[in-house]
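The first residue in the sequence is number 1, and the count goes up from there. Atoms within each ligand, like the ligands themselves, are counted from 1 in listed order.
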Amino acid sequence: MKQGIHPNYNSDGIVCTTCGTRWMIGSTRTGLRVEICANCHPFYTGEQRIVDTAGQVDRFMKRLSASQNRQAAIEKQRGTKSAPEPKKSLLKELYGDDA
Ligand SMILES: [Zn+2]
């Protein structure tokens, strides 16, 4: 092996930020992190849940709620009696109370 041309090889591993599992994988980089791994991904656990590390579900629910409120206001302005009530939680409707 020629000296002084190869990067340092670290065997620190990769850490999953969701479940905290450390996967022992070697790399030339340090501090590697992943958001989801085979230990906590719903496909492998068989558990039906939403993994939301970036807050995308919250952002979607805010937009959905705002849209429904806006639609209800428009229907109220028009005087339509059959305007649907804004839904409280789409997640609860889809997954029950344990969502
Ligand atoms: Zn994980």
Side-chain angles (χ1 to χ4, degrees):
M1 193 167 98
K2 194 170 182 180
Q3 296 299 315
I5 62 165
H6 298 284
N8 290 332
Y9 187 76
N10 303 305
S11 54
D12 298 345
I14 296 174
V15 178
C16 175
T17 55
T18 302
C19 67
T21 303
R22 180 178 294 271
W23 296 90
M24 298 315 291
I25 298 169
S27 174
T28 56
R29 306 180 100 190
T30 57
L32 293 175
R33 297 179 185 279
V34 291
E35 288 184 357
I36 194 161
C37 69
N39 200 34
C40 60
H41 193 283
F43 180 81
Y44 298 103
T45 60
E47 175 186 332
Q48 183 70 29
R49 67 186 171 98
I50 295 175
V51 179
D52 183 27
T53 54
Q56 292 179 342
V57 172
D58 290 338
R59 213 168 59 220
F60 171 76
M61 295 309 291
K62 276 182 195 167
R63 284 199 338 245
L64 178 67
S65 174
S67 170
Q68 286 174 338
N69 289 338
R70 199 168 45 242
Q71 198 67 33
I74 289 171
E75 293 294 330
K76 195 174 177 182
Q77 223 173 29
R78 289 180 183 163
T80 310
K81 297 272 180 184
S82 63
E85 288 291 314
K87 291 178 181 173
K88 296 297 176 198
S89 172
L90 185 61
L91 285 178
K92 280 187 180 174
E93 189 175 300
L94 290 175
Y95 296 105
D97 288 334
D98 59 326

Trainee: How many protein N, O or S atoms sit closer than 2.8 Å to the Zn ion (ligand 1)?
Mentor: 4
Trainee: Would you say that Ser27 contacts Ile14 through its side chain, given a criterion of any heavy-atom pair below 4.5 Å between the two side chains?
Mentor: no
Trainee: Tell me whether Thr28 contacts the main-chain N or O of Tyr9 through its side chain, where contact means a donor paired with an acceptor under 3.5 Å.
Mentor: no
Trainee: Quick one: does Cys40's side chain get under 4.5 Å of Thr21's, heavy atoms only?
Mentor: no
Trainee: Is a donor on one side and an acceptor on the other found under 3.5 Å between the side chain of Arg22 and the backbone of Asp12?
Mentor: yes
Trainee: Checking Thr45 side chain against His41 main chain: does a donor-acceptor pair fall under 3.5 Å?
Mentor: yes
Trainee: Do Val15 and Trp23 have side chains that approach each other closer than 4.5 Å (heavy atoms only, starting at C-beta)?
Mentor: no
